[in-house]
Visitor: 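Please see the structure below; I have some questions.
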Protein chains: 2
Amino acid sequence: MSSSAREAILAAAKRTAQAHGYGGLNFRDLAAEVGIKAASIHYHFPSKADLGAAVARRYWEDTAAALEAMLAETQDPLRCLHRYPDVFRKALENGNRMCLCSFMAAEHDDLPDAVKREVQAFADVNVAWLSKVLSAAALAGSEESDRRARAIFAAIAGAQLLARSRSDLSLYDALIDSYRAAGLLPA
Amino acid sequence: MSSSAREAILAAAKRTAQAHGYGGLNFRDLAAEVGIKAASIHYHFPSKADLGAAVARRYWEDTAAALEAMLAETQDPLRCLHRYPDVFRKALENGNRMCLCSFMAAEHDDLPDAVKREVQAFADVNVAWLSKVLSAAALAGSEESDRRARAIFAAIAGAQLLARSRSDLSLYDALIDSYRAAGLLPA
DNA sequence: TTTTATCTACCTGCCACTTGGTAGGCAACT
DNA sequence: AGTTGCCTACCAAGTGGCAGGTAGATAAAA
């Protein structure tokens with residue numbers, strides 16, 4: 001396997017960044033987790049910025065693929081919309097982690113430009129998908145669906161953040177319920 | 001002035017933490033900003049955890065006072081509710097910063113317990129105030145108002161996070177508008 | 001078929017720098 | 001005399017990153 005180490009590094013870095021952010025990434029701990037030496041990571045990712053950008057890029061690529069797969073599978077926009085919060089729920093289930101790009105959004109001022117771009121791409125991917133699904137479900141006009149999509153994305157990110165700060169998964173569920181009750185998400 | 005340095009440290013630490021989080025706080029830079037030496041900060045705050053907790057505590061105390069003042073001044077719950085998003089907008093206006101406690105919520109796993117407690121207190125203060133105002137405006141039953149308050153708080157935190165990641169203040173305004181259009185916030 | 005060269009993927013060892021924190025001193029005020 | 005408030009000087013641990021080496025695979029040249 002030529003790039004198994006590279007994949008292992010990406011996977012470990014993703015897990016770490018979801019719990020400790022970009023600033024929490026460091027070559028030594030990452031190397032120990034993968035089972036190689038710190039300097040070897042520089043072979044695959046010359047600088048920390050390269051690593052961070054690669055992790056964030058992989059993150060939104062995976063998310064985009066998962067969302068498209070969900071849509072292709074169910075063929076039901078409303079059902080997809082209903083399941084969308086589960087995407088963010090999974091991170092909380094997995095050791096009270098959070099969306100890598102939400103964390104990095106907070107760290108915005110300290111991110112290399114290449115990383116910032118990937119973080120924005122994650123938001124773009126989510127908003128575009130939500131907008132498409134909202135339109136398909138005929139829940140909003142094509143102009144309004146874009147703004148609604150952004151609102152849903154931001155609200156869910158906030159719910160995840162609040163739930164994480166309490167280590168309380170049920171709080172996340174309650175917040176999603178409240179969004180539905182308030183009309184932000186379809187009931 | 002006995003505690004002017006202490007106050008200056010707290011103020012500088014607040015500004016820094018709003019842009020770089022708890023992890024971004026460091027004694028050297030803080031001292032330089034205040035005009036004293038790094039070691040001197042340890043006189044006022046023995047450890048970084050003490051400093052972080054003090055900053056977070058002061059943050060929610062100030063917020064609580066500002067919210068109560070707003071309520072006392074206008075005497076109009078609906079008007080207060082309408083102005084609530086401005087509290088979070090101010091951080092963005094001030095150098096694209098964000099709520100100190102939202103940032104620290106992301107850093108949850110790396111926070112000393114004392115800091116975590118103050119971060120939670122900030123959320124409690126906001127939710128309690130919102131809940132009170134919602135009830136007073138007769139917009140929700142006393143049970144429902146609590147859940148609605150949490151939803152509003154989380155959604156606004158998410159909006160701030162997203163707007164910050166784009167350095168786009170108008171995006172924050174657009175998101176608040178969308179929340180109103182969707183019925184999460186009163187129009 | 002042996003030799004030479006190149007590439008991959010990793011290693012050891014080091015460097016300059018930053019981190020939070022400590023020890024001890026000193027001058028002013030009470 | 002004791003306390004307050006700050007200082008200089010230092011430290012151990014950790015940071016990202018770099019220079020240089022090496023074992024093994026591949027492949028072209030002799």
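In this text, all values refer to a predicted model and were calculated from it rather than measured experimentally. Because only heavy atoms are used, hydrogens play no part in the values below, and waters and symmetry mates are left out as well, while side chains stay in. To find a chain, count down the sequence lines: A is the first, B the second, and so on, and within it residues start at 1.
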Visitor: Tell me the interatomic distance from B:Asp29, atom CG, to C:dT18, atom P, rounded to whole angstroms.
Guide: 9 Å
Visitor: Output the rounded distance in Å from CZ (B:Phe45) to C1' (C:dG21).
Guide: 16 Å
Visitor: Out of D:dG16, C:dC10, C:dT22, which nucleotide sits closest to the side chain of B:His42?
Guide: C:dT22
Visitor: When the distance from NZ of B:Lys48 to P of D:dG14 is rounded to whole Å, what number comes out?
Guide: 15 Å
Visitor: Take the protein atom OH of A:Tyr43 and the nucleotide atom C1' of C:dA9, then report the distance between them rounded to whole Å.
Guide: 5 Å
Visitor: Look at the side chain of A:Asp168 and the backbone N and O of A:Leu171, then say whether any donor-acceptor pair between them is shorter than 3.5 Å.
Guide: yes
Visitor: Within the 4.0 Å heavy-atom criterion, would you say B:Leu51 contacts the bases, only the backbone, or no part of the nucleic acid?
Guide: nothing
Visitor: Nearest to the B:Ala39 side chain among D:dG16, D:dT8, C:dG20, which nucleotide is it?
Guide: D:dT8
Visitor: Hey, is A:Lys132 close enough to A:Glu68 for a salt bridge, meaning N to O under 4.0 Å?
Guide: yes
Visitor: To the nearest Å, give me how far apart CZ (A:Arg28) and C1' (C:dT19) are.
Guide: 14 Å
Visitor: Taking the minimum atom-to-atom distance to the side chain of B:Phe27, which one of C:dG21, C:dC10, C:dC14 wins?
Guide: C:dG21
Visitor: Looking at A:Glu118 and A:Arg58, is any side-chain nitrogen of the basic one under 4.0 Å from a carboxylate oxygen of the acidic one?
Guide: no
Visitor: Can you tell which of B:Val55, B:Thr63, B:Val119, B:Thr16 makes a side-chain contact (heavy atoms from CB on, under 4.5 Å) with B:Leu100?
Guide: B:Val55
Visitor: Rounding to a whole Å, what distance do you find between A:Asn26:CG and C:dT18:P?
Guide: 18 Å
Visitor: Between atom NZ in A:Lys37 and atom C1' in C:dT8, what is the gap in whole Å?
Guide: 20 Å
Visitor: For D:dC7 and B:Ser40 - does any side-chain N or O of the residue sit under 4.0 Å from the phosphate oxygens OP1/OP2?
Guide: yes
Visitor: Which part of the nucleic acid, if any, lies within reach of B:Ala38 when heavy atoms closer than 4.0 Å are counted: base, sugar-phosphate only, or nothing?
Guide: nothing
Visitor: Any salt bridge linking A:Glu73 with A:Arg79? Criterion: basic side-chain nitrogen under 4.0 Å from a carboxylate oxygen.
Guide: no
Visitor: Send over the distance from A:Leu25 CG to D:dT15 P, rounded to a whole Å.
Guide: 11 Å
Visitor: Just to confirm, is there a sub-4.0 Å distance from OP1 or OP2 of D:dC6 to any side-chain nitrogen or oxygen of B:His44?
Guide: yes
